[in-house]
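Have a look at the structure below before the remarks.
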Amino acid sequence: MARKKVAIVGAGHVGAHAALWMALKEIADVALIDIVEGMPAGKALDIMEAGPVEGFDTLVQGSSDYGALIGSDLVIITAGLPRKPGMTRADLIDKNAAIVRGVVEEVVKNAPQSILMVVTNPLDVMVHAAWKLSGLPPGRIIGMAGALDSARLRAFVAMELNVSVEDVQAMVIGGHADEMVPLKRYTTVSGIPVTQLLSPEKVERLMERTRKAGGEIVGLLKTGSAFYAPSACIAEMAEAIIKDKKRIIPCAAFCKGRYGLDGVFVGVPVKLGSDGVEEIVEIELDDAERKAFDASVSAIKKLVGELKF
Ligand code: APR
């Protein structure tokens, strides 16, 4: 059976590390693409040379030619500027929308059959832009954010309780911004709601840290934004798509008629498989959760309104 192919556009911190995770886990062969000449080929070769040590046979090739997109089952867009201290994700909107526009044109030309995963920030707006510009069915376009926000919450819960991360599950929905909605009722340790294991104050502290987790890393790094956990989450979602695993992962997906929405990309639990978004799972929200979710949707819509196309 021929191996599947994933293209990653943007071979910076996030893109290159996503290629490394995918190689290590032998998820698919990888084409790493960047506008900078030589750099993606150098990083790809460097990853290939780790193959004998780690025992993976994944083919990773780097290029500055968008022809490398041809034959991709999945294209991941990580091209764009990251945040610096003092910036919100929304501050990136104009520059990154222009980059996403150029990349999407190439995807439509070279890999129109692929599933498209967007990672560039501000995430929910860039997914919307990719959908508008590509004309692809919305179910084939997906944004990576909820997986990351949930992974961060899982890490914080595990640290707080001194338990294995393997036993911690979490669900963060809404936009990938400070208005995101971490759901404490759906955050569990081996099925036990975290609200039974920690005081309300401690739970609230972990939810608040999750909302600000991206900024916490930007503040520490000072020169850019997070990339290890984001790239791990890209690989997690890529694996679900490439191996048709039907995993339930929160992702930015097009909600029209779901969650009572009228056509907006926002983070919700999704069944991920080889067709992309195979189902949007509607979970029960209490009044406070619904209010927070609606506020997050409004913030996304406001930013989408600022897109200049
Ligand atoms: N085509 C291909 N690559 C591009 C293009 C383009 N049109 N424009 C920029 N790039 C590349 C840059 O050359 C750079 O190598 O995108 C890469 C971005 O890498 P970094 O600057 O290291 O940024 P990174 O930390 O990887 O973040 C990328 O992901 O999480 C988000 O907010 C983050 O929007 C940011 C994106």
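Both ligands and their constituent atoms are indexed starting at 1 by order of listing.
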Query raised in the report: Out of I8, I77, I35, L221, who gets a non-hydrogen atom closest to atom 5 (C) of ligand 1?
Result: I35

Query raised in the report: Which ligand 1 atoms, with their elements, are less than 4.0 angstrom from a heavy-atom of V36?
Result: 13 (O)

Query raised in the report: Got an N/O contact under 3.5 Å between F227 and ligand 1?
Result: no

Report task. Check whether any N or O atom of R83, backbone or side chain, sits under 3.5 Å from an N or O atom of ligand 1, and answer yes or no. Result -> no

Query raised in the report: Is it true that a side-chain atom of K84 and a backbone atom of G219 form a donor plus acceptor pair closer than 3.5 Å?
Result: no

Query raised in the report: What pair of heavy atoms forms the shortest contact from N110 to G67, and how long is it?
Result: OD1-CA, 4.2 Å

**Report entry** Shortest protein heavy-atom distance from atom 32 (O) of ligand 1, along with the residue and atom involved
**Finding:** N121 ND2, 2.9 Å

Report summary line: Out of A18, A79, G214, the nearest non-hydrogen contact to atom 4 (C) of ligand 1 is supplied by A79

Requested in this report: For residues T58 and A23, report the shortest heavy-atom separation together with the two atoms involved.
Outcome: OG1-O, 2.8 Å

Query raised in the report: If you look only at pairs with a residue in residues 130-160, which of them pass as a ring-ring contact (aromatic ring centres under 6.0 Å, His included), with sequence neighbours excluded?
Result: H128-W131, W131-F254, W131-F265

Report task. Give the residue and atom name of whichever protein heavy atom lies nearest to atom 21 (O) of ligand 1, and the separation in Å to one decimal. Result -> P82 CD, 3.6 Å

Query - Crowding at CD, Q113 (>12 non-hydrogen neighbours, <6.0 Å) - result: yes

**Report entry** Shortest non-hydrogen contact from I8 toward A19
**Finding:** CD1-N, 3.6 Å

**Report entry** From the candidates L123, L81, T120, the one that places a heavy atom nearest atom 35 (C) of ligand 1
**Finding:** L81

Query raised in the report: Of the choices G80, G15, A98, A16, which has the non-hydrogen atom that lies closest to atom 18 (C) of ligand 1?
Result: G80

Requested in this report: Give the residue, atom name and distance (to 0.1 Å) of the protein heavy atom nearest atom 27 (O) of ligand 1.
Outcome: V14 CG2, 3.7 Å

Report task. For a side chain to side chain contact (heavy atoms under 4.5 Å, CB included) with P182, tell me which candidate from L206, L153, T187 qualifies. Result -> L153

Requested in this report: Using a strict 4.0 Å threshold on nitrogen-to-oxygen distance, state whether R3 and E26 make a salt bridge.
Outcome: no

Query raised in the report: Where do G267 and I173 come nearest, in terms of heavy atoms and distance?
Result: O-CB, 3.3 Å

Query raised in the report: In chain order, what residues pass the ring-ring contact (aromatic ring centres under 6.0 Å, His included) check against F293, with sequence neighbours excluded?
Result: Y259

Query raised in the report: Do the side-chain N and O atoms of D124 and H176 include a donor-acceptor pair separated by under 3.5 angstrom?
Result: no

Query raised in the report: Any idea which of I99, V103, N96 brings a heavy atom closest to atom 8 (N) of ligand 1?
Result: I99

Report task. Can you pull out the closest protein heavy atom to atom 1 (N) of ligand 1? Residue, atom name and distance to 0.1 Å, please. Result -> Y66 OH, 2.7 Å

Query raised in the report: Would you say M39 touches ligand 1, if touching means a heavy atom closer than 4.0 Å?
Result: yes

Query raised in the report: Quick one: nearest non-hydrogen protein atom to atom 36 (C) of ligand 1, plus distance?
Result: T78 O, 3.6 Å

**Report entry** Contacting atoms of ligand 1, where contact means under 4.0 angstrom from a heavy atom of V9
**Finding:** 2 (C)

Query raised in the report: For atom 19 (O) of ligand 1, which protein heavy atom lies nearest, and how many Å away is it?
Result: G12 CA, 3.2 Å

Requested in this report: Around atom 14 (C) of ligand 1, find the nearest protein heavy atom and jot down its residue, atom name and distance.
Outcome: D34 OD2, 3.5 Å

